[in-house]
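As structure tokens, the structure follows; a few thoughts come after it.
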Amino acid sequence: KSEYVASSSALITWKTDKERVCSVVYGTAYNNYTKSSREIRAAKDHELILTDLIPETLYHFRVQFEDENGNKFYSYDYSFLTGESDVPMKPSYAETRPINQMNQITVAWNAPILGKSVTGYNIYRRHKLVKRAELSDWVKLNDSPVDAKTFEFTDLTVESGKFYRYGVTSINQFGVDSEKEITDMVFATGVLNEETVLTADDSPIELHADLIVAAGVNLLIEAGTEILIGEKDSNSSGLDEERVEILVYGQITIDGIAGKPVVFAPLNGSGRRDHWAGISVITDSQLVSRISHASLFGCIGYALNIKAKEVSVNNLSVSYSNGGVSLDGVRSVLDLDNCSFYEIASVAVNISDCYRVSLANSVIKDASVGVITLNTNANNQTVVKNTDIYVSELGIKALFGKGIIANTLVVCKDGTGILCENALSSSGNYIDHVTIDALNGIDILNGNFTVKNNIITNSQALGNTGIINRTSENPVYNFNNVVGFGVLYQHCQKGPNSMSFVPNFVGGNPYDYNLKPTSILIFADEYQKELGRYGVSRY
């Protein structure tokens with residue numbers, strides 16, 4: 001029988017006809033004994049203490065022993081109910097509701113799994129400290145306990161522009177608190193007016209409305225931080241009144257690292273391509289935003305929209321969005337290195353009137369348009385280098401000040417590889433060591449371009465035009481391999497060192513545009529080295 005029962009232990013006693021070593025098997029369901037405890041010496045009068053039991057729980061148990069012949073004997077099933085704990089169980093779940101009004105956050109929770117001793121609940125709150133990774137101490141919000149049958153509390157003392165975390169405790173009749181059940185961190189709708197540090201320990205962080213970083217303020221987001229975006233702007237503010245966006249009028253510093261990016265992802269909804277409105281950096285202050293190893297998903301416009309004179313962006317990853325990154329008027333040298341853009345409905349990279357931008361060592365895949373660069377100043381330069389572009393409509397559309405496209409792969413089976421609208425500088429414009437597999441290879445409308453050391457092909461031999469030059473000139477293009485088109489050269493000429501050989505790519509699935517060692521194009525550039533994407537450009 002159960003002689004003594006406490007909240008987490010029970011004393012079981014029994015007698016046997018002779019001295020035996022017995023065991024007690026027990027569990028929380030009849031005939032389902034998941035645990036056991038065994039005596040260490042034989043006796044006729046037995047007692048065994050079961051420990052680490054769950055308070056306020058019904059247990060079933062049996063006594064068993066094995067005789068000298070290996071026969072096993074069991075008692076009947078008995079049961080006992082453990083007592084109430086000195087400390088009640090914490091709520092089983094807690095969350096913040098979507099924010100519908102400024103300066104208000106509603107917290108909701110579920111009762112503990114075992115809550116017989118619970119007489120009410122207490123609500124606590126803490127916030128991010130200025131310029132530090134730590135949070136403030138917990139502060140209790142309710143003067144008197146919330147009723148045990150109430151599972152929601154609205155905090156009316158919220159300061160907009162702060163990051164909060166809530167904790168809910170159960171209390172018993174003696175006023176003793178359980179451990180806290182803690183919510184995700186949430187941003188209180190408004191303007192961030194204080195320098196703030198977000199860390200991986202704060203994750204996940206919920207945004208239900210716009211996060212606006214005020215002028216002169218830096219928002220630092222450290223490696224491994226995850227920010228979850230609600231599917232509706234509950235405050236109907238900002239540039240997009242329907243969707244959540246991050247608007248930076250001061251500075252944002254996203255300090256992800258390899259293997260620990262800063263992730264921006266949907267909080268709820270179906271994960272649509274138009275889930276949120278992305279990050280816009282709109283500032284002409286001296287503060288320089290820095291974005292490294294950031295991952296953005298599901299943006300209706302450009303996931304990252306830069307309208308700042310100085311900025312640093314690298315290792316950016318954008319997926320399943322309408323647009324990738326837009327750069328407008330950046331006057332600093334910007335190395336857009338090691339970026340990836342996947343499933344982009346419109347333009348992956350849009351560069352407008354920027355001083356020096358280099359897109360290098362990057363991948364654009366399943367986009368409509370890879371790169372658009374538009375310049376009105378002959379001194380502006382755009383470089384696309386060591387990059388793979390897989391698109392449906394157009395690989396690169398260029399109105400250069402001056403520009404270089406080198407060691408780049410452009411695959412556009414149903415469209416044009418490179419469209420050169422113009423080059424404002426009469427020199428320094430190169431399309432060199434590029435491999436293009438497209439319906440139309442290179443289309444030059446205006447400007448002076450040096451086109452050499454390239455492989456321009458339609459791998460199915462169904463292309464329209466290899467190179468077309470629509471200027472008033474009739475240039476000669478040397479050291480190129482153009483093949484697979486109905487017209488190889490239009491309004492331009494094939495140079496004496498150009499050719500038309502089937503490239504002899506490695507092939508495979510996915511298709512590999514490396515040349516086989518037996519390809520004649522391995523030794524066909526102006527330096528008697530490899531043509532195309534995997535050769536060596538001197539520009």
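Values below: all heavy atoms of this structure, side chains included; hydrogens, waters and symmetry mates excluded.
- Side chain to side chain, His46 and Thr16 meet the donor-acceptor criterion of an N or O pair below 3.5 Å.
- For the pair Val262 and Asp255, the minimum side-chain heavy-atom distance is 4.5 Å or more.
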*Run the ring pair (Phe, Tyr, Trp, His ring centres under 6.0 Å) check on Tyr59 and Phe80 step by step: do they pass?*
CA-CA 5 Å; Tyr59 281 90; Phe80 60 86; 5.6 Å; yes
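- A donor-acceptor contact closer than 3.5 angstrom links the side chains of Asn314 and Ser292.
- For Asp274, the salt bridge (charged side-chain N to carboxylate O under 4.0 Å, His left out) partners at least two apart in sequence or on another chain are Arg243, Arg272.
- Donor-acceptor pairing under 3.5 Å is recorded for the side chains of Tyr124 and Asp177.
- Counting only N and O atoms by type, the side chains of Asn315 and Asp337 include no donor and acceptor under 3.5 Å apart.
- In this structure, the side chains of Val146 and Ile123 come closer than 4.5 Å at one or more pairs of heavy atoms.
- Listed here is the closest heavy atom pair of Phe151 and Ala111: CE2-CB, 3.6 Å.
- Interatomic distance, CG of Leu207 versus CG of Asp233, reported as 10.5 Å (0.5 Å rounding).
- Looking at heavy atoms from C-beta onward, Tyr249 lies out of side-chain contact with Leu287 at the 4.5 angstrom threshold.
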*Show the numbers, then the answer: is there a side-chain contact (heavy atoms from CB on, under 4.5 Å) between Ile171 and Val176?*
CA-CA 5 Å; Ile171 58 171; Val176 177; over 6 Å; no
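- Counting all heavy atoms, side chain and backbone alike, Gly230 lies closest to Val244 at O-CG2, 3.6 Å.
- Judged by distance alone, the side chains of Ser178 and Thr169 never bring a donor and an acceptor atom under 3.5 Å apart.
- Here the CZ atom belonging to Arg20 is positioned 10.5 Å from the CD atom belonging to Glu66, to the nearest 0.5 angstrom.
- With Thr106 as the fixed residue, the side chain to side chain donor-acceptor pair (under 3.5 Å) test singles out one of Thr96, Thr154, Asn100: Thr154.
- No more than 12 heavy atoms of other residues, nucleotides or ligands shown are found within 6.0 angstrom of CG on Asp137.
- The aromatic ring centres of Phe297 and Tyr320 sit less than 6.0 Å apart.
- The distance from atom CG of Leu247 to atom CD1 of Ile282, rounded to the nearest 0.5 Å, is 5.5 Å.
- The CG atom of Leu316 lies 7.5 Å from the CD1 atom of Ile291; values are rounded to the nearest 0.5 Å.
- Contacts of Arg125 classified as side-chain hydrogen bond (donor to acceptor under 3.5 Å, both in side chains), with partners at least two apart in sequence or in another chain: Asp155, Thr157.
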*Checking side-chain contact (heavy atoms from CB on, under 4.5 Å) for the pair Tyr4/Thr13: CA distance, chi angles, key distance, verdict?*
CA-CA 9 Å; Tyr4 168 79; Thr13 62; over 6 Å; no
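- Taking a 6.0 Å sphere around NZ of Lys131, one finds it holds 12 or fewer heavy atoms contributed by other residues, nucleotides or ligands.
- Here the straight-line distance linking atom CG of Asn142 with atom CG of Asn122 works out to 4.5 Å at 0.5 Å rounding.
- Val107 is not listed as a side-chain neighbour of Leu141, based on a closest heavy-atom distance of 4.5 Å or more.
- For Ser36 and Ser23, the side-chain atoms include no donor-acceptor pair closer than 3.5 Å.
- When every heavy atom of Val313 is checked against every heavy atom of Leu334, the shortest pair comes out as N-CD1, 3.4 Å.
- Salt bridge absent: Glu222 and Lys260 never bring a charged side-chain N and a carboxylate O closer than 4.0 Å.
- Looking only at side-chain heavy atoms (C-beta outward), Thr283 and Gln251 stay at 4.5 Å or farther from each other.
- Under 4.0 Å is where a charged nitrogen must lie from a carboxylate oxygen, and between Glu194 and Lys162 at least one such pair does.
- Between Arg97 and Glu95 there is a salt bridge, since at least one side-chain N of the basic residue sits less than 4.0 Å from a carboxylate O of the acidic one.
- In this structure, Asn172 contributes its side chain and Phe174 its backbone to a donor-acceptor pair below 3.5 Å.
- Under the 4.5 Å side-chain criterion, counting only non-hydrogen atoms from C-beta, Phe163 is in contact with Leu192.
- A donor-acceptor pair is defined here as one N or O able to donate and one able to accept, closer than 3.5 Å; such a pair exists between the side chain of Ser321 and the backbone of Ser319.
- At distances below 3.5 Å, not a single donor-acceptor pair connects side-chain atoms of Asn386 with backbone N or O atoms of Asn361.
- In summary, Lys44 and Glu19 do not engage in a salt bridge, as defined by a charged side-chain N under 4.0 Å from a carboxylate O.
- Not a single donor-acceptor pair under 3.5 Å links the side chain of Ser9 to the backbone N or O of Thr51.
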*asked:* Pair Val186, His208 - check side-chain contact (heavy atoms from CB on, under 4.5 Å), show working.
replied: CA-CA 8 Å; Val186 63; His208 295 281; 3.7 Å; yes
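- When all heavy atoms are compared, the tightest approach of Ser170 to Tyr121 is OG-CE2, 3.6 Å.
- Nearest heavy-atom pair across Met102 and Gly190 is CE-CA, 4.5 Å.
- Listed for the Thr82 side chain is a donor-acceptor partner under 3.5 Å among the backbone atoms of Glu56.
- A donor-acceptor pair is defined here as one N or O able to donate and one able to accept, closer than 3.5 Å; no such pair exists between the side chain of Thr387 and the backbone of Val363.
- With hydrogens and angles disregarded, no donor-acceptor distance shorter than 3.5 Å links the side chain of Glu152 to the backbone of Ala108.
- Arg62 and Tyr78 share no donor-acceptor pair across their side chains, judged by distance under 3.5 Å alone.
- Stacking of Lys72 on the aromatic ring of Phe65 is not recorded, the 6.0 Å distance cut-off and the 45° axial limit not both being met.
- If you check the side chains of Asn350 and Tyr302, you find a donor sitting under 3.5 Å from an acceptor.
- Relative to the ring axis of Tyr342, Lys365 does not place its NZ or CZ within 45° and under 6.0 Å from the centre.
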*Go through the steps to decide whether Asp77 and Asn31 satisfy the test side-chain hydrogen bond (donor to acceptor under 3.5 Å, both in side chains), and finish with yes or no.*
CA-CA 8 Å; Asp77 178 271; Asn31 209 27; over 6 Å; no
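- Note that the OG1 atom of Thr183 and the CD atom of Glu206 stand 7.5 Å from one another [nearest 0.5 Å].
- The closest side-chain heavy-atom distance from Leu11 to Glu47 is below 4.5 Å.
- Under 3.5 Å, the side chains of Asn338 and Ser362 contain no donor-acceptor pair of N or O atoms.
- Using modelled atom types, one side-chain atom of Asn103 and one backbone atom of Val158 make a donor-acceptor pair closer than 3.5 Å.
- Taking the six-membered ring wherever Trp is involved, the centroid distance between the rings of Trp109 and Tyr93 does not fall below 6.0 Å.
- Under the 3.5 Å distance criterion, the side-chain polar atoms of Ser332 are left unmatched by any main-chain donor or acceptor of Glu310.
- The pair Lys128-Asp202 meets the salt-bridge criterion, with a side-chain N (NZ, NE, NH1 or NH2) lying under 4.0 Å from an Asp/Glu carboxylate O.
- Within the 4.5 Å cutoff, the side chain of Ile182 has heavy atoms near those of the Trp138 side chain.
- Considering all non-hydrogen atoms of both residues, Gly278 and Cys299 come closest at CA-SG, 3.8 Å.
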